[in-house]
Amino acid sequence: MNETREKVLLHTATIPDREKRLLSGRTVLVILFAALVTAVLISFCLGRYPVGLNELQGILRYWLGLYHGKPFWTQTQAIAVWNVRMPRVLLSVLVGAALASAGAAFQGAFQNPMASPDILGASAGAGFGAALAIFFGFGTAMVTASAFFVSMITVGLVFFISRFVKGEKIIGLILSGIMISSLFQAGTSFIKLAADPGNKLPAITYWLMGSLVGATRSEVGFVIWPILLGFIPLMILRWRINVVTMGDDAARTMGVDPGRVRFASIASATLLTAASVSVSGMIGWVGLVVPHMMRRLVGSDHRYLIPASALGGGLFLLVVDDLSRVLWLNEIPIGIMTAFIGAPFFLMLITRRNLT
Amino acid sequence: MIRVESLSYSYGDYPVLKDISFHVKKGEFLSVLGSNGVGKSTLFRCMLGLLPGYSGSVVLDGKDIRSLPPREMAKLTAYIPQTTVSIYNFSVQDIVLMGATAGLSALRSPGRSEQERVLWALEKVGISHLKDRCFNHLSGGEQQLAILARALVQDAKVLMLDEPTASLDFANQMLVLTEVRELSREGYTIIQTTHNPEHAYYFSDRILTLKDGEVFCIGKPQEVIVPEVIGELYEMDVEISPLYGDRVRVCTPSFLTKT
């Protein structure tokens with residue numbers, strides 16, 4: 001019988017082996033991390049007010065308490081690095097990392113490569129929350145908080161409604177997400193219609209475009225907690241997300257409760273999405289495109305895909321944000337930039353090779 | 001090892017399974033025969049804990065499966081479906097490694113020792129050379145062997161196979177079934193559904209037949225693969241010819257034998 005086996009396998013094992021990757025997942029993660037650190041340092045030097053690498057290392061060492069000599073940089077340079085660029089750089093890295101890892105988690109948990117972080121209405125809810133707060137004349141902090149909480153409520157509502165949908169659970173969730181999203185978008189449009197066209201309407205419109213302009217340290221302080229709170233469970237769950245992608249029956253017979261893993265992943269990914277959208281507005285494409293880019297590099301194993309998406313998403317959004325603040329005198333909102341870059345890139349990916 | 005006691009199941013008002021009772025001993029190879037739609041898959045889904053809402057009970061290793069959480073259940077029984085479709089491109093190793101999940105505590109990911117079990121299982125079913133290949137690019141027979149390896153990594157002593165060879169070619173059917181019988185000789189308990197009475201005759205220790213949602217008969221292959229039973233089961237006249245000293249029985253529809 002062993003002979004039969006050899007023959008059969010020799011017959012069928014003819015598809016050329018393209019799948020073996022050049023670099024191991026771990027190596028890719030190390031490279032991405034190094035690239036991200038480098039990009040962060042370079043980003044501190046970019047901008048209208050010049051800061052050289054030498055001054056930068058002085059400022060950083062001074063802040064870390066490793067340099068006690070006389071400052072060889074100007075006060076303005078220190079302020080540009082600390083108060084202007086650092087919050088913005090950190091925020092773009094955090095938001096990019098959050099959106100991309102949330103996207104990877106959604107794509108896994110929904111067994112659907114087209115899923116993105118706004119699939120369950122997180123963005124639509126945040127937009128509505130922000131528009132509402134701007135309409136009533138609240139300040140930035142309240143706008144952020146309102147966006148965050150309405151976003152969470154929206155996804156909760158979607159989850160609740162989907163329980164009553166007959167038939168396949170995942171389809172039910174996605175359909176409820178689409179419907180609730182469009183309801184909230186209609187609500188946002190209604191607020192825009194009623195808003196004062198002099199100041200509030202442009203503020204709402206600008207918020208919805210997605211921007212990291214004027215990032216502050218308090219915003220960084222606000223989002224870092226929900227982002228950590230969402231990211232850590234995803235890191236713990238990431239092996240079980242692999243198992244869940246095989247389908248509910250297979251997962252259950254392998255000892256994984258697919259409903260629980262999916263719920264925990266959705267809750268964590270929603271926390272990540274709501275937090276980032278609430279400080280940056282709508283930044284599309286990062287959560288869809290970056291996981292696909294990373295799948296090319298590390299494969300579909302979520303043990304590597306989730307951390308790679310976080311690093312790659314931070315890197316991607318930081319670079320795009322750098323471009324948007326350096327290329328033009330009048331800054332382009334980053335939501336527009338990510339769409340301009342993300343959509344063609346995605347088309348390139350899907351025309352070159354199978355998406356999964 | 002497994003005892004099914006007066007199990008019934010209805011989809012709405014329509015009864016699919018009626019008062020099914022049988023038991024399977026440790027190390028036994030049981031085949032389940034029955035026409036399309038007779039409830040074989042429903043029976044399997046009930047026995048795997050995938051379909052709640054049946055009446056009666058399924059007792060696995062002395063425990064009612066209703067009281068077993070998924071992880072405990074998976075330590076006792078593994079499932080090999082007819083085909084496995086992976087949406088994402090996993091390597092064969094990754095797919096097989098998933099079998100180790102049941103043995104891990106709730107928050108852990110598999111590590112080195114699980115990885116070694118994967119290599120052992122791949123070696124055992126004879127596909128070590130495919131370990132880095134993409135699972136989706138394998139042939140049906142190779143995929144089925146990989147899923148068998150995954151069941152071995154899961155370390156469950158009962159393997160439930162739902163038409164494991166239905167989409168395989170002639171040689172691959174033999175390859176997979178021979179491997180499965182080998183496992184039953186090593187002490188694994190095997191339950192498979194099949195549409196092929198000849199396979200059931202050749203490979204199994206006992207055969208369970210279902211008709212109209214009820215147990216039609218259960219017994220040794222020599223008693224079950226006879227014209228009276230097969231003819232009744234599929235509502236078609238068949239002739240059954242023993243060959244090679246009755247090691248093989250060939251089923252031929254009667255209309256083909258009339259000249």
Side-chain angles (χ1 to χ4, degrees), chain A residues 1-2 4-21 25 104 107-108 110-113 233 235-261 291 295-296 299-305 353-356, chain B residues 45 48-50 69-75 77-81 84-91 94-95 97-104 106-110 125-127 129-130 132-142 145 147 150-151 154 156 160 169 171-172 174-175 178-179 182:
Chain A
M1 202 58 213
N2 272 333
T4 326
R5 175 195 293 162
E6 293 303 322
K7 264 187 216 149
V8 172
L9 293 182
L10 284 178
H11 253 304
T12 49
T14 45
I15 299 170
D17 218 0
R18 294 178 305 176
E19 298 93 21
K20 190 99 176 110
R21 283 164 218 291
Q107 288 169 11
F110 283 119
Q111 301 156 39
N112 184 345
M235 287 298 279
I236 294 172
L237 281 172
R238 65 201 204 280
W239 169 254
R240 277 159 184 81
I241 294 177
N242 277 353
V243 180
V244 167
T245 66
M246 300 305 292
D248 283 10
D249 285 357
R252 184 167 272 276
T253 52
M254 283 189 274
V256 173
D257 186 334
R260 264 194 218 176
V261 171
R295 225 172 253 122
R296 287 282 182 283
S300 297
D301 184 347
H302 289 77
R303 284 181 294 172
Y304 298 106
L305 183 61
R353 250 182 80 180
N354 189 313
L355 202 60
T356 52
Chain B
R45 294 178 59 80
L48 285 161
L50 295 173
R71 207 148 68 85
E72 296 307 314
M73 182 79 191
K75 284 180 190 166
T77 170
Y79 173 49
I80 290 111
T84 297
V85 185
S86 171
I87 292 167
Y88 296 105
N89 275 331
F90 288 106
S91 72
D94 288 343
I95 294 273
L97 187 58
M98 289 181 193
T101 313
L104 297 169
L107 303 180
R108 273 197 55 229
S109 291
V125 300
I127 54 167
H129 59 295
L130 300 176
D132 290 319
R133 292 279 305 278
C134 172
F135 178 82
N136 286 343
H137 294 173
L138 300 185
S139 72
E142 291 166 335
L145 289 176
I147 297 302
R150 186 177 79 184
Q154 193 170 326
M160 309 242 330
D169 70 35
N172 275 325
M174 290 303 133
L175 181 70
T178 309
E179 201 60 61
E182 199 53 50

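Lettering follows sequence order; numbering is per chain, from 1.
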- Query: With under 30° as parallel and over 60° as perpendicular, where do the rings of H302(A) and Y88(B) fit, or are they tilted in between?
  - Reply: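 Ring orientation, 0 to 90° scale: perpendicular.
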- Query: In terms of heavy-atom pairs under 4.5 Å, which option from T245(A), N242(A), I236(A) contacts chain B the most?
  - Reply: N242(A)
- Task: Considering only heavy atoms and a distance below 4.5 Å, find which of D249(A), V256(A), D301(A) pairs most often with chain B.
- Result: D249(A)
Are [X] and [Y] close enough that some pair of their side-chain heavy atoms sits under 4.5 Å apart?
X: I95(B); Y: M246(A); value: yes
X: M73(B); Y: R252(A); value: no
X: R240(A); Y: L107(B); value: no
X: T253(A); Y: L50(B); value: yes

- Note on the structure: Contacts of A78(B) meeting side-chain contact (heavy atoms from CB on, under 4.5 Å) (sequence neighbours excluded), chain-then-number -> A151(B), Q154(B), A156(B), L159(B)
I need the minimum non-hydrogen distance between [X] and [Y], along with the two atoms involved.
X: W239(A); Y: S109(B); answer: CB-OG, 3.3 Å
X: P70(B); Y: D257(A); answer: CG-CB, 4.4 Å
X: A74(B); Y: G255(A); answer: CB-N, 3.3 Å

Please classify the contact of [X] with chain A as side chain, backbone, both or neither, using a heavy-atom distance under 4.5 Å.
X: I147(B); result: neither
X: T84(B); result: side chain
X: M98(B); result: both
X: R45(B); result: side chain

- Note on the structure: From the list P81(B), G103(B), P110(B), the residue making the most non-hydrogen contacts under 4.5 Å with chain A is P110(B)
- Task: Check the surroundings of atom CZ in R108(B): do more than 12 heavy atoms from other residues, nucleotides or ligands lie under 6.0 Å from it?
- Result: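 Yes, enclosed.
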- Message: Return the CD to CD1 distance between Q111(A) and I87(B), rounded to the nearest 0.5 Å.
- Response: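 So the CD of Q111(A) and the CD1 of I87(B) are separated by 5.0 Å.
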- Atom CG of L97(B) and atom CZ of R303(A): how far apart are they, to the nearest 0.5 Å? 5.5 Å
